[in-house]
Colleague: 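Here's a structure for you.
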Amino acid sequence: MLRAVEESPQGASGALIEISGAGKTYRTKGGDVRALDGIDLSIADGEFVSIVGPSGCGKSTLLRILAGLDDCTDGEARMEGRAISGPPPGVGVVFQSANLLPWLTVRQNVELPIRVGGRHDRSTKAEELLSMTGLEGFGDRFPYELSGGMQQRAGICRALIRNPQMLLMDEPFGALDALTRERMNLELQRIWQSSNKTVVLITHSISEAIFLADRVVVMSSRPGKILRDIPVSIPRPRAFETILSNSEYTRLSRDIRKLLNAQGGVE
Ligand code: ADP
């Protein structure tokens with residue numbers, strides 16, 4: 001299955017992900033909650049797409065639909081031309097909290113997704129990932145011995161252990177302090193540049209969204225619709241020291257802030 005994903009990464013339209021007319025209504029005891037409405041979005045193989053929008057506008061819902069953890073109630077979401085129903089192979093997900101299992105070592109946590117599959121090459125792979133994310137030597141430690149940033153890096157290793165074609169990230173650095181967050185942004189840029197994975201990143205940070213992405217998708221307040229899909233052409237690798245004085249960065253920051261303020265802000 002993963003082989004098929006690697007050999008034929010695109011659907012008929014040429015996009016890896018195609019979402020058309022997608023909507024989501026949650027039926028609750030208190031009534032219906034319309035979370036998403038009329039979402040049309042294509043994502044090419046290898047693209048890095050950031051999604052920003054006001055709190056509660058349906059960003060996580062959209063990510064869960066892409067991850068196969070939730071369904072659209074109307075429209076459709078496809079990966080490689082096939083409707084997403086259940087978690088597709090070749091997709092790794094990172095949430096805001098790493099949610100490492102406290103009774104397992106860091107290495108065992110990272111290997112968890114493949115322990116079930118019974119593959120044998122896991123130790124080498126886990127060590128490679130741990131060293132790539134600066135966690136070399138921490139494989140035998142337990143989660144409580146790691147800082148928040150290190151735990152989050154371990155969570156990213158776990159999402160990468162099956163070499164997913166697509167990485168879905170829901171506010172993965174939200175709980176980190178500013179400096180650790182910048183370091184993680186650089187790390188993610190490096191991982192993305194060296195692996196050509198498709199990444200969809202939900203973030204509340206406009207600067208993080210622009211810094212990392214090929215495109216920033218700006219959503220309206222609930223029910224979430226796509227307000228703008230903004231290309232970012234700032235050359236890579238990008239650096240925090242220089243991006244602040246980049247004219248495209250400044251312009252995009254201002255435009256996105258204006259759009260979000262008109263929706264009542266990013267939070
Ligand atoms: P965001 O990630 O942009 O903050 P969410 O996708 O988490 O937004 O939520 C969008 C809306 O859907 C919110 O109003 C939220 O309360 C509602 N919602 C999310 N998940 C559920 C659920 N499982 N049941 C009912 N309502 C939900």
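No hydrogens, no waters, no symmetry mates; every other heavy atom, side chains included, goes into these values. Ligands are counted one by one from 1 in listed order, and the atoms in each one are counted from 1 as well. The structure displayed is predicted, hence computed values, not measured ones.
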Colleague: Does the pair Leu252 and Val216 meet the rule for a side-chain contact (heavy atoms from CB on, under 4.5 Å), with working shown?
Modeller: CA-CA 9 Å; Leu252 293 181; Val216 179; over 6 Å; no

Colleague: For the pair Glu111 and Lys125, evaluate salt bridge (Lys or Arg N to Asp or Glu O under 4.0 Å) and give the outcome as yes or no after the intermediate values.
Modeller: CA-CA 9 Å; Glu111 290 173 343; Lys125 188 75 194 293; over 6 Å; no

Colleague: Is any side-chain heavy atom of Ile84 less than 4.5 Å from a side-chain heavy atom of Ile65?
Modeller: no

Colleague: With a cut-off of 4.0 Å, which atoms of ligand 1 are near a heavy atom of Arg64?
Modeller: 20 (N)

Colleague: When you compare ligand 1 with Val33, is there at least one nitrogen or oxygen pair between them that comes in under 3.5 angstrom?
Modeller: no

Colleague: What is the closest protein heavy atom to atom 27 (C) of ligand 1, and at what distance does it sit?
Modeller: Tyr26 CD1, 3.3 Å

Colleague: Pair Arg153, Glu136 - check salt bridge (Lys or Arg N to Asp or Glu O under 4.0 Å), show working.
Modeller: CA-CA 11 Å; Arg153 275 184 268 163; Glu136 207 163 6; over 6 Å; no

Colleague: Identify which of Thr61, Asp170, Leu63 has a heavy atom lying nearest to atom 9 (O) of ligand 1.
Modeller: Thr61

Colleague: Check the pair Arg190, Glu187 against salt bridge (Lys or Arg N to Asp or Glu O under 4.0 Å), reporting the backbone distance first and the verdict last.
Modeller: CA-CA 5 Å; Arg190 208 177 52 73; Glu187 191 65 37; 2.7 Å; yes

Colleague: Look up atom 19 (C) of ligand 1 and tell me if a protein heavy atom lies less than 4.0 Å from it?
Modeller: yes

Colleague: Number the atoms of ligand 1 from 1 as they appear, then name those within less than 4.0 Å of a heavy atom of Lys59, with their elements.
Modeller: 1 (P), 2 (O), 3 (O), 4 (O), 6 (O), 8 (O)

Colleague: What's the shortest distance from atom 8 (O) of ligand 1 to any protein heavy atom, and which residue and atom give it?
Modeller: Gly58 N, 3.1 Å

Colleague: Which atoms of ligand 1 have any heavy atom of Cys57 under 4.0 Å away?
Modeller: 1 (P), 3 (O), 8 (O)

Colleague: Among Ile226, Leu62, Leu227, Ile39, which one satisfies side-chain contact (heavy atoms from CB on, under 4.5 Å) with Val217?
Modeller: Ile226

Colleague: Specify the protein heavy atom at minimum distance from atom 7 (O) of ligand 1: its residue, its atom name, and the distance to 0.1 Å.
Modeller: Ser60 CB, 3.7 Å

Colleague: Tell me, do Leu167 and Phe48 make a side-chain contact under 4.5 Å, heavy atoms counted?
Modeller: no

Colleague: What protein heavy atom lies closest to atom 10 (C) of ligand 1? Include the residue and the distance to one decimal.
Modeller: Gly56 O, 3.4 Å

Colleague: Can you find a protein heavy atom closer to atom 3 (O) of ligand 1 than 4.0 Å?
Modeller: yes

Colleague: Could you report the tightest heavy-atom contact between Leu100 and Pro143, atom names first, then the distance?
Modeller: CB-CG, 3.8 Å

Colleague: What atoms in ligand 1 come closer than 4.0 Å to a heavy atom of Arg222?
Modeller: 11 (C), 13 (C), 14 (O)

Colleague: Return a yes/no value for Thr28: is any of its N or O atoms, backbone included, closer than 3.5 angstrom to an N or O of ligand 1?
Modeller: no

Colleague: Let me confirm one number: the CG-SG distance from Asp37 to Cys57, rounded to the nearest 0.5 Å.
Modeller: 12.5 Å

